[in-house]
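To keep things clear, I will list the structure first and then write my remarks on it.
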Amino acid sequence: MKKSNNLNRLKASLLFIFLSLTIPALSQKKEMPLWDKIPDEIVSKEYSEEVDHKNELSEGVRKVTLPTLTAYFADPEKSNGTSVIICPGGGYGMLAINKEGFKVAEWFNSLGINAFVLKYRLPSDLIMKNKTVAPLQDAQEAVRLVRRNAVKWKLNPNKIGIMGFSAGGHLASTLSTHYNDKVYTPADTTSAKPNFSILIYPVISMQEGITHQGSKDNLLGKNASIEISEKYSNEKQITATTPKAFLVHATDDKAVPVENSINYYLALKKEKISAEMHLYENGGHGFGLGVKGTNANWPKDCEKWLIANNYTLKPDGYVFTYFKGNGEDGLHLAYSEDGYKWNALKNDTSFLTPEVGKDKLMRDPCVIKGGDGLYHMVWTVSWTDKGIGYASSKDLIHWSKQEFIPVMAHEEKARNTWAPEITYDEKSKEYMIYWASTIDGKFPETKSEEEKGYNHRIYYTTTKDFKKFAKTKLLYEPGFNVIDASIVKQEQQYVMYLKDETRNPVQKNIKIATSKNLTGPYSPASKAITGDYWAEGPTAIQIDNNWVVYFDKYTQKKYGAVKETSKGWEDISEQVNFPVGTRHGTVIKVSADEIAALKKE
């Protein structure tokens, strides 16, 4: 029989995509043919691929005749060259190619990992001389194809993993234990061995009572011999050369018993092969990247495993800049990997001793990374001065000469300049420096003798180079005594976190104002986002897609935090841990290499 013209045209178009697939095009997903000539193929006009569509997406695929790899290349700057070939599940009767393929590939890309979704042939006597080995043929060739093109695609040939869900997990574990089986004649000697496997609620065994019967019947036939069932019970095929594995399963999986993962793990352990297994209380079968309950944690657990095994670049961490006491000894730094547990650097001694200003203090140090790649810092130099301190650094260790910026020198009645901060405007390429000042005689309606006459408003200036500064202007007048403004861009607006300093009736809490423009105008202040305690010095950052605001619980001599959720602001003060004595500072994201250098100080 002859192949159909449609199939030939499809192969030709996919081959063109494959040949043209180079690094400049890597930002888009590309589907490429797996074979020049499919081994042991039987051509049937009556057998053609079927696709289940949902909202124009391919949710499921059946009757695969032309196996392909769909490449999702990660940003080269965020990748160390690791790749994962993904085998969707479907009982060897269909492929859940979106939920257990494309969505997973996008998740890998977010981690800096290159991903390839394998659309493998499903066992059928109509198009295969030996349906039992056809999926393994595709899996072996997928690894060889990726490894052959490692240089061209800027991949690491020694960091190629195989991943499978459900029956796709059986294929992934089959490849891991049968990578040397000669199920076809390869074009060269390129190895088909994966360097690691990730098995999610996998079918592992073909043994009665444990297997998934539908997968077994589709792959081996309904009257499979004991010998062939044993061969494809992959927990029985593990040797000392089987690659390391990460396994996930729900205890209440009624489709594929959890013993599949447990037995594979124990067999790896027996051979002293590195393995990690996560068993969740619930989730059933087919939960993909996680739905609800504890099984939703598995992607994060897997990410940690990938990091620990050097399959991803070390993630960015966080640095907190702060002062202690009255700020006499200068800049202190702490680091955190998760934004919750903070560890002091340099034995909690100063990184920079203050040298400018009336009192030569370094209180409220604010550090940001600017558009020029430098870290820029401003700070409070005195309780009563009319200016602020400024310095810059490439690495947070070596700092430029300290300078005094007299931002309120023009105001004869200005009493102070407290808690300066910087926000960079990417659009204008300008820095806005802003702070709290009291000018005697201004805003008398909110003056309170209980605050020693202090009655702050937020003022600002702008600069492109920290040498020339625009005229100081009023930034925010909320109708109350306000200090400690900190502004971040969130989506299409700027959000100002601020302290309501009102003493009577007492506020002393953190509120929010918003604006479409960095320089305002800003909205009226919101209700308090902090609890029944006094708080100051807010600083915000996004962690795991949630905004977290840290603040100084100064009357309690400890730090607190709140997290934005779909239901509002959640107090997470009991979950954060800062060095003893930490006072008003800022949080910034820094690279793993920079944190490593800071740890050496």
Side-chain angles (χ1 to χ4, degrees), residues 316-323 333-342 363-369 378 418-424 432 434-436 458 475-476 478 480 482-502 507-515 518 522-579 582-590:
D316 292 340
Y318 308 95
V319 164
F320 199 86
T321 69
Y322 62 100
F323 75 96
L333 301 177
Y335 77 95
S336 175
E337 294 178 353
D338 60 7
Y340 285 77
K341 179 175 175 54
W342 295 87
R363 296 173 60 88
D364 320 316
C366 170
V367 178
I368 70 162
K369 193 164 191 178
V378 291
W418 288 356
E421 298 244 349
I422 315 173
T423 299
Y424 180 64
M432 185 174 80
Y434 46 102
W435 61 92
I458 306 298
L475 177 64
Y476 191 52
F480 55 78
V482 58
I483 63 172
D484 297 351
S486 181
I487 302 172
V488 293
K489 190 172 185 182
Q490 296 181 205
E491 296 181 349
Q492 300 304 312
Q493 66 177 354
Y494 289 92
V495 178
M496 176 191 291
Y497 298 94
L498 57 101
K499 179 189 179 186
D500 184 342
E501 185 72 330
T502 303
Q507 294 294 316
K508 303 290 185 178
N509 48 36
I510 307 302
K511 296 178 176 178
I512 294 173
T514 61
S515 174
L518 178 58
Y522 282 84
S523 68
S526 69
K527 295 180 180 179
I529 65 171
T530 49
D532 188 20
Y533 43 76
W534 289 17
E536 67 181 15
T539 180
I541 198 165
Q542 195 171 29
I543 299 175
D544 293 336
N545 297 317
N546 295 113
W547 281 93
V548 174
V549 181
Y550 306 98
F551 45 83
D552 189 350
K553 288 185 170 183
Y554 57 106
T555 60
Q556 299 180 22
K557 294 182 169 39
K558 63 180 181 179
Y559 245 75
V562 292
K563 179 175 70 174
E564 189 176 29
T565 71
S566 60
K567 297 180 180 179
W569 290 91
E570 175 189 353
D571 196 306
I572 57 169
S573 297
E574 297 305 314
Q575 299 176 39
V576 298
N577 186 1
F578 282 81
T582 298
R583 297 296 313 278
H584 185 163
T586 54
V587 60
I588 53 174
K589 182 174 280 190
V590 299

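Side chains are part of it too, since the values below use all heavy atoms of this structure and drop only hydrogens, waters and symmetry mates.
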Worksheet item: More than 12 foreign heavy atoms under 6.0 Å from CD of E337: is that the case here?
Response: no
Discussion item. Distance check, rounded to the nearest 0.5 Å: Y522 atom OH versus I458 atom CD1?
Written reply: 11.0 Å
Worksheet item: Hey, is the main chain of F480 close enough, under 3.5 Å, to the side chain of T502 for a donor-acceptor pair?
Response: no
Worksheet item: Just by distance, do the side chain of T586 and the backbone of T321 share a donor-acceptor pair under 3.5 Å?
Response: no
Worksheet item: Looking at side-chain heavy atoms only, is the closest gap between Y318 and I543 below 4.5 Å?
Response: yes
Worksheet item: Do the side chain of Y476 and the main chain of A513 share a donor and acceptor less than 3.5 angstrom apart?
Response: no
Item to complete: Locate the shortest heavy-atom distance separating H584 from A419; write the atom from each residue and the value.
Response: CE1-CB, 3.7 Å
Practice prompt. Considering only NZ, NE, NH1 and NH2 on the basic side and carboxylate oxygens on the acidic side, decide whether K511 and D500 come within less than 4.0 Å.
Written response: yes
Response to the item:
Separation between CD1 (I529) and CD1 (I512), nearest 0.5 Å, reads 4.0 Å
Practice prompt. Apply side chain to side chain contact (heavy atoms under 4.5 Å, CB included) to F320 and Y550, showing your working.
Written response: CA-CA 10 Å; F320 199 86; Y550 306 98; 4.3 Å; yes
Which side-chain N or O atoms in residues 555-565 pair as donor and acceptor under 3.5 Å with protein atoms at least two apart or in another chain?
residue, atom, partner, partner atom, Å
Y559, OH, G585, N, 3.2
T565, OG1, K567, N, 3.2
T565, OG1, G568, N, 3.4
T565, OG1, G568, O, 2.8

Worksheet item: Roughly how far, to the nearest 0.5 Å, is the CG atom of D316 from the CD1 atom of I588?
Response: 11.0 Å
Worksheet item: Does D552 reach the side chain of Y322, with side-chain heavy atoms less than 4.5 Å apart?
Response: no
Would you give me the side-chain donor-acceptor pairs under 3.5 Å for residues 531-538, sequence neighbours excluded?
residue, atom, partner, partner atom, Å
Y533, OH, G531, N, 3.1
Y533, OH, D571, OD2, 2.5
E536, OE1, K499, NZ, 3.2
E536, OE2, R583, NH2, 3.4

Discussion item. Ignoring hydrogens, what is the shortest heavy-atom contact between Y554 and K508? Give both atom names and the distance.
Written reply: OH-CD, 3.6 Å
Discussion item. Give me the atom names and distance for the closest heavy-atom approach of W547 to I541.
Written reply: CE3-C, 3.4 Å
Worksheet, complete the sentence: For W342 and Y340, the nearest pair of non-hydrogen atoms, with its separation, is CD1-O, 3.4 Å
Fill in: Nearest-0.5 Å distance that lies between atom OG in S573 and atom CZ in F578
9.5 Å
Worksheet entry | Verdict with reasoning, V367 to V590, per side chain to side chain contact (heavy atoms under 4.5 Å, CB included) | CA-CA 11 Å; V367 178; V590 299; over 6 Å; no
Worksheet item: Going by heavy atoms in the side chains, are Y335 and L333 under 4.5 Å from each other?
Response: no
Item to complete: Could you check V549 against W569 for side chain to side chain contact (heavy atoms under 4.5 Å, CB included), going step by step and ending with a plain yes or no?
Response: CA-CA 10 Å; V549 181; W569 290 91; 3.7 Å; yes
Response to the item:
On a heavy-atom basis, the closest approach of L498 and V482 is CD1-CG2, 3.8 Å
Response to the item:
Here the gap from C366 atom SG to W435 atom CH2, rounded to the nearest 0.5 Å, amounts to 13.0 Å
Item to complete: Write down the atom of F323, the atom of D364, and the distance for their closest heavy-atom approach.
Response: CD2-N, 3.2 Å
Item to complete: Enter the distance from R363:CZ to W418:CH2 here, rounded to the nearest 0.5 Å.
Response: 8.5 Å
